[in-house]
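Positions are given from 1, in the same order as the sequence printed here. Just so it is clear, the structure is predicted and the values come from calculations on it, not from any experiment. Every number for a ligand or one of its atoms is a count from 1 in the order of the listing.
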Amino acid sequence: MPALSDSFRAHLAQTSPFPIALDIVGAEGCHLHTRDGKRYLDLVAGLAVNNVGHRHPAVVAAIKAQADAYLHVIPYGEFIQEPQVRFAEKLSSVLPAGLDSVYFVNSGTEANEGALKLAKRITGRTGLVACHKSYHGSTHGSLSITGNEEKKYRNRPLLPDVRFMRFNASDDLALINDRTAAVVVEPIQGDAGVRVPDAAWMHALRARCTEAGALLIFDEVQTGFGRTGKLFAFAHFGVVPDILVLGKALGGGMPMGAFVSSQARMALLTHDPVLGHITTFGGHPLPCVAGHAALDVLLADKLAENAERMGRLFQELLVHPAIREVRGSGLMLAVDLGDAEKVQRVVMGCLARGVLGFWFLSCPTAFRIAPPLCITEDLVREACAAILAELDA
Ligand SMILES: Cc1ncc(COP(=O)(O)O)c(C=O)c1O
């Protein structure tokens, strides 16, 4: 048999010429285990997925129990499947009024696609407004509203009628007008290198959308489920969107996305044409039970509050002349060194010390800290000691 690493390169489609290529044999809590017997402290959490930690016993038990009952039985929306219904009911119970109807899909980008289609149906308009440096996914619609030209230029033509405004810039809200179907915003930008907007801008954004009759879509794929210190990032600002987009941690480690709106709005997808948005695997019972169990753990163990505390500890400990800024909210942090080469060296150096950090798509001068939200004070101290030692090396 060929070596696993050779087959990885030969037969698995690659996304870059330089994958980290850790050979994973296990994971639990905040740690990953590799075939060569090493243990890594995970400051990435599968890119903001494993918010309750890897293989939480409650999540694993829910998956096993459901696997013993049934897996896929029919494309989404035909049968009553208790895992879907109960999870949608639970999500509605933790969201504000007007966000009480959930459409489950398979990923964050697919959830954005559904949200864009729904916004066009509701408003009868085609215009879209998004932000510079945003990231909303890799399919054509989501890429169209992604504010990173480097990721887009090979894929044109993309969706027409998309305009970009600067994030957190009040002057640019004038781009939202009576032709705008939806404004899509990450309430805290992730792959831009973690950018937290002013509350005043968020309120002005909400007001401008309402005034223009445009729908406000918050993409909380990365910020959702406690990551920023609140269950959802919009709660920091007291601004509620018309459509909420979810993914990543939603499935408790299983692949899942969702867009959420009011029952009346979502009902538009049922007619003219009937089956206005469909998916074979969306709302598969395994991610539903896993996500439901993870949300129960997140709430019972107060992990959003822990994210807030541990995030503050990271900020307190990461003080070094080479660090320009540690910015973010909760456990969604960017450590900005102001130098892309230094970032490369520090991330790889930390990896050699058994600490896994990661990069951003649109901010080469910073690296990402986004561990499981169950991380302890001791582990935060261990992570910071490794980062500071690497900065001194
Ligand atoms: C804000 C945001 N939206 C959408 C996506 C796309 O999600 P997925 O990779 O599940 O398609 C991401 C992924 O990083 C994201 O950060």
How about Phe218 and Phe232: are their ring centres within less than 6.0 Å of each other? no
Is there a nitrogen or oxygen of Thr109 sitting under 3.5 Å from a nitrogen or oxygen of ligand 1? yes
To which protein heavy atom is atom 10 (O) of ligand 1 closest, and what is the distance rounded to 0.1 Å? Gly108 N, 2.9 Å
Residue part near ligand 1, for Lys248, under 4.0 Å between non-hydrogen atoms: side chain
Could an N or O of ligand 1 be found under 3.5 Å from any N or O of Glu186, whether backbone or side chain? no
With distance as the sole criterion, is a donor-acceptor pair present between the side chains of Thr228 and Thr223 under 3.5 Å? no
To which protein heavy atom is atom 16 (O) of ligand 1 closest, and what is the distance rounded to 0.1 Å? Gln222 NE2, 2.8 Å
Shortest protein contact, atom 2 (C) of ligand 1 (heavy atom only): Tyr135 O, 3.3 Å
Validation row: His31, Leu41 side chains within 4.5 angstrom (heavy atoms): yes
Test: Arg166 and Asp172 ion pair at under 4.0 Å: yes
re atom 3 (N) of ligand 1, the protein heavy-atom contact at minimum distance is Asp219 OD2, 2.7 Å
Please tell me if the side chains of Phe360 and Tyr135 come closer than 4.5 Å, counting only heavy atoms from C-beta onward. no
Close side-chain approach of Ile188 to Arg195, heavy-atom, < 4.5 Å: no
The one among Val221, Asp191, Thr146 that brings a heavy atom closest to atom 5 (C) of ligand 1: Val221
